[in-house]
**Q** 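Got a structure here, written out as structure tokens. Questions coming.
Counting from 1, the numbers follow the sequence of the chain as shown.
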Amino acid sequence: MRRTVASAVGIAGVVAGTLGSAGPVQAAQPRPAPVACPASVGDKATCYTGKDGNGAYYAIAIPKKWNGSLVVHSHGGPDLGDGSDPERSVGDLDRWSVMVSEGYAWAGSSYRRGGYGTRMAAADTENLRRLFVADFGTPERTYVHGQSWGGNVAAKVVETYGGKHGPYDGALLTSGVLGGGSRGYDYRVDLRVVYQYYCRNLPRPDEPQYPLWQGLRPGSTLTTAGLRARLQECTGYASAPGERTASQQRNLDDILAVTRLPERTLESHLRFSVFTFRDIVHSRLGDRNPFGNQGVWYSGSHDDTALNAGVERFSADPDARRDLSYDSDLTGRVSIPVLTMHAIDDPTAFVEHESAYRATVDGAHRGKNVVQTFTEESEHSELSNAEYADSIAALDSWARTGNKPTPRSIASACATFDRVYRTGCFYDPAFHPRPYASHVRPRPGGLTWPAMTSAQERAWSRIDGVGIAP
């Protein structure tokens, strides 16, 4: 056994011996406070909440029948509030209480602030692991789990803190946004410009104009309700097909066909391309543009020639693109077991993100450390609890024994967990996603992976102020 569970709690010396590039845990931060567990956890565990020295709220659960191992969770989003949301980590504990039911201690950070910042979120995740060690002892094994954008965060944790002899024994990435920031949002760039070409209401002609790469002008007071109203006005997306005007139906058909987005998540993708883009551009990159669509040919509409002649075009500022890439792109330098699970019909983080990740780790010659699984589900964050339990068990066995699982062996083992959870097993062991560029129109030079090599990361890290500030 590589590590043992310590019985001492609250000793600063435990932290002092594990400090690395994330910076120290602040010694003066309060101890975790016992609280009532979420209903899905119930009396199976003792739960704690607190706020770390950087201002990030967190939640912790330790099963009464603890197996000695810890799952550190990286949540998705990003949320866009100014500060840390104390409810986010508690809500995620409630959602992934299956980990606690399986005997794992669980710790999730709400991150120190809202808004984009993958390295910041990774540092807050690692900070929480150290805090756990200081108060509850060193686990036998430690795994990082990331969901959605949290998959990008957890993958960054793996590359930044997960060396072969580091504190993490494996990673579980579920429904992950694994294409990174410099390419992973190109389809939302396309949505932003295609939507405006057809709808002309974001901004309206009589409103202050701004380049669409901003997402939304910094001083705008537009709300999510206002955005929904404009989307409805243009496309009738919230109405039954028979209640839409001919113009609304044609706009909706063209937008969906060109962007290759599912109708049921059109609104959520548009929200991201408006509000989260504003956060990235204005709040994180100082009003510099990291996005571009020059050289992209849009197709699938009723008049592609007119669309391509009229759609707004722009090029990324090289330094802004570098900073977004440094913050969120992945190098593929994976030294510990990584298991992924992704719904084939994920409407939010398309399954082709897994192709981008496979190409990234293969490009870094680390493919042997990654196993990818796929399920015949159509959800993003609500996959089967039996599959989550199966996945963490497969990862734990791989880390403990060194015996690498296969998609087929993981699928076969799921029935054992489904007898407990009764949520179904939907694996397709034979599935392989198409290349990322088959779903997201590549920009010139955007076909090779990794999007950021290890050499680029090292070179960029020497530039003062590179990336996105915490």
**Q** Side-chain contact, heavy-atom cut-off 4.5 Å: Pro435 with Leu447?
**A** no
**Q** Tell me every residue that passes ring pair (Phe, Tyr, Trp, His ring centres under 6.0 Å) with Phe277, counting only those two or more places apart in sequence or in another chain.
**A** Phe291
**Q** What heavy-atom pair brings Ser148 and His380 nearest, and what distance separates the two atoms?
**A** OG-NE2, 2.7 Å
**Q** Taking only residues at least two apart or on different chains, which pairs with a member in residues 452-470 satisfy salt bridge (charged side-chain N to carboxylate O under 4.0 Å, His left out)?
**A** Arg119-Glu457
**Q** Under a 3.5 Å distance rule, please check whether Glu352 uses its side chain to pair with a backbone N or O of Ala437 as donor and acceptor.
**A** no
**Q** Apply the test salt bridge (charged side-chain N to carboxylate O under 4.0 Å, His left out) to residues Arg322 and Asp319: give CA-CA distance (whole Å), side-chain angles for both, the deciding distance (0.1 Å), then the verdict.
**A** CA-CA 5 Å; Arg322 175 206 65 198; Asp319 287 349; 3.5 Å; yes
**Q** Under a 4.5 Å cut-off applied to non-hydrogen side-chain atoms, are Thr49 and Pro86 in contact?
**A** no
**Q** Rounded to the nearest 0.5 Å, what separates atom CG in Leu261 from atom NE2 in His439?
**A** 6.5 Å
**Q** Between the side chains of Gln147 and Thr174, does any donor sit under 3.5 Å from an acceptor?
**A** yes
**Q** Would you call the rings of His75 and Tyr111 parallel, tilted or perpendicular, where under 30° means parallel and over 60° means perpendicular?
**A** parallel
**Q** Quick one: which residue pairs count as a salt bridge (charged side-chain N to carboxylate O under 4.0 Å, His left out) with a foot in residues 370-390, not counting sequence neighbours?
**A** Arg95-Glu382
**Q** Could you tell me whether the side chain of Ser355 and the main chain of Arg434 form a donor-acceptor pair under 3.5 Å?
**A** yes
**Q** So, do Ile410 and Val371 sit near enough that their side-chain heavy atoms are less than 4.5 Å apart?
**A** yes
**Q** I want to check a possible cation-pi pair here: Arg278 against Tyr210, using under 6.0 Å from ring centre and within 45° of the ring axis as the test.
**A** no
**Q** Going from CD on Glu102 to OG on Ser69, what distance comes out if it is rounded to the nearest 0.5 angstrom?
**A** 12.5 Å
**Q** May I ask you to test the Trp213-Val281 pair for a side-chain heavy-atom distance under 4.5 Å?
**A** yes
**Q** Is the closest side-chain donor-acceptor distance between Ser335 and Arg366 under 3.5 Å?
**A** yes
**Q** With sequence neighbours excluded, tell me which residues meet side-chain hydrogen bond (donor to acceptor under 3.5 Å, both in side chains) with Lys368.
**A** none
**Q** Please determine whether the number of non-hydrogen atoms from other residues, nucleotides or ligands lying under 6.0 Å from atom NZ of Lys64 exceeds 12.
**A** yes
**Q** Asn293: what forms a side-chain hydrogen bond (donor to acceptor under 3.5 Å, both in side chains) with it, not counting sequence neighbours?
**A** Tyr298
**Q** Are the side chains of Arg188 and Thr276 in contact, using a 4.5 Å heavy-atom criterion?
**A** no
**Q** Would you list the pairs meeting disulfide bond (SG atoms under 2.5 Å apart) in which at least one residue belongs to residues 59-91, sequence neighbours left out?
**A** none
**Q** When rounded to the nearest 0.5 angstrom, what distance separates CG in Leu128 from CG in Asn54?
**A** 11.5 Å
**Q** I need the full list of ring-ring contact (aromatic ring centres under 6.0 Å, His included) pairs touching residues 32-63, with sequence neighbours left out, sorted by first then second residue.
**A** Tyr48-Phe136
**Q** Find out whether Leu173 and Val158 are in side-chain contact, i.e. whether some heavy atom of one side chain is under 4.5 Å from a heavy atom of the other.
**A** no
**Q** Taking side-chain hydrogen bond (donor to acceptor under 3.5 Å, both in side chains) as the definition, give me every residue that meets it alongside Asp287, ordered by chain and number, with sequence neighbours left out.
**A** His282
**Q** Of all heavy-atom pairs between Ala394 and Pro405, which one has the smallest distance, and what is that distance?
**A** O-CG, 4.4 Å
**Q** For residues Glu354 and Pro433, report the shortest heavy-atom separation together with the two atoms involved.
**A** CB-CG, 4.3 Å
**Q** Testing the 3.5 Å rule here: is there a donor-acceptor pair between the side chains of Asp327 and Thr118?
**A** yes
**Q** Shortest non-hydrogen contact from Leu191 to Ser273?
**A** CD2-OG, 4.3 Å
**Q** Hey, does the side chain of Thr360 reach the backbone of Leu330 with a donor-acceptor pair shorter than 3.5 angstrom?
**A** no
**Q** Just by distance, do the side chain of Thr373 and the backbone of Thr340 share a donor-acceptor pair under 3.5 Å?
**A** yes
**Q** Does any pair with a residue in residues 33-118 pass disulfide bond (SG atoms under 2.5 Å apart), and if so which ones, sequence neighbours excluded?
**A** Cys37-Cys47
**Q** If you look only at pairs with a residue in residues 338-381, which of them pass as a disulfide bond (SG atoms under 2.5 Å apart), with sequence neighbours excluded?
**A** none
**Q** Under the rule for side chain to side chain contact (heavy atoms under 4.5 Å, CB included), what residues qualify as partners of Ser40, not counting sequence neighbours?
**A** Pro38, Asp94, Ser97
**Q** How close do Gly181 and Asp329 get, heavy atom to heavy atom, and via which atoms?
**A** N-OD1, 3.1 Å
**Q** With side chains defined as the heavy atoms from C-beta onward, is the minimum distance between Phe350 and Pro262 less than 4.5 Å?
**A** yes
**Q** Once the angle between the rings of His353 and Tyr436 is folded into 0 to 90°, is it parallel (under 30°), tilted (30 to 60°) or perpendicular (over 60°)?
**A** perpendicular
**Q** Hydrogens and angles aside, do Ser109 and Thr125 bring a side-chain donor and acceptor to less than 3.5 Å of each other?
**A** no
**Q** Could you grab the distance from atom CZ of Arg112 to atom CG of Asn127, nearest 0.5 Å is fine?
**A** 7.5 Å
**Q** Ignoring hydrogens, what is the shortest heavy-atom contact between Ala389 and Phe417? Give both atom names and the distance.
**A** CB-CD2, 3.7 Å
**Q** Is Arg271 close to Leu80 at the side-chain level, that is, under 4.5 Å between some pair of heavy atoms?
**A** no
**Q** Step by step, would you call Asp323 with Arg288 a salt bridge (charged side-chain N to carboxylate O under 4.0 Å, His left out)?
**A** CA-CA 10 Å; Asp323 286 351; Arg288 295 174 297 142; 2.8 Å; yes
**Q** Listed by chain and number, what are the side-chain hydrogen bond (donor to acceptor under 3.5 Å, both in side chains) partners of Arg113, not counting sequence neighbours?
**A** none
**Q** Between the main-chain N or O of Val72 and the side-chain N or O of Arg129, is there a donor-acceptor pair closer than 3.5 Å?
**A** no
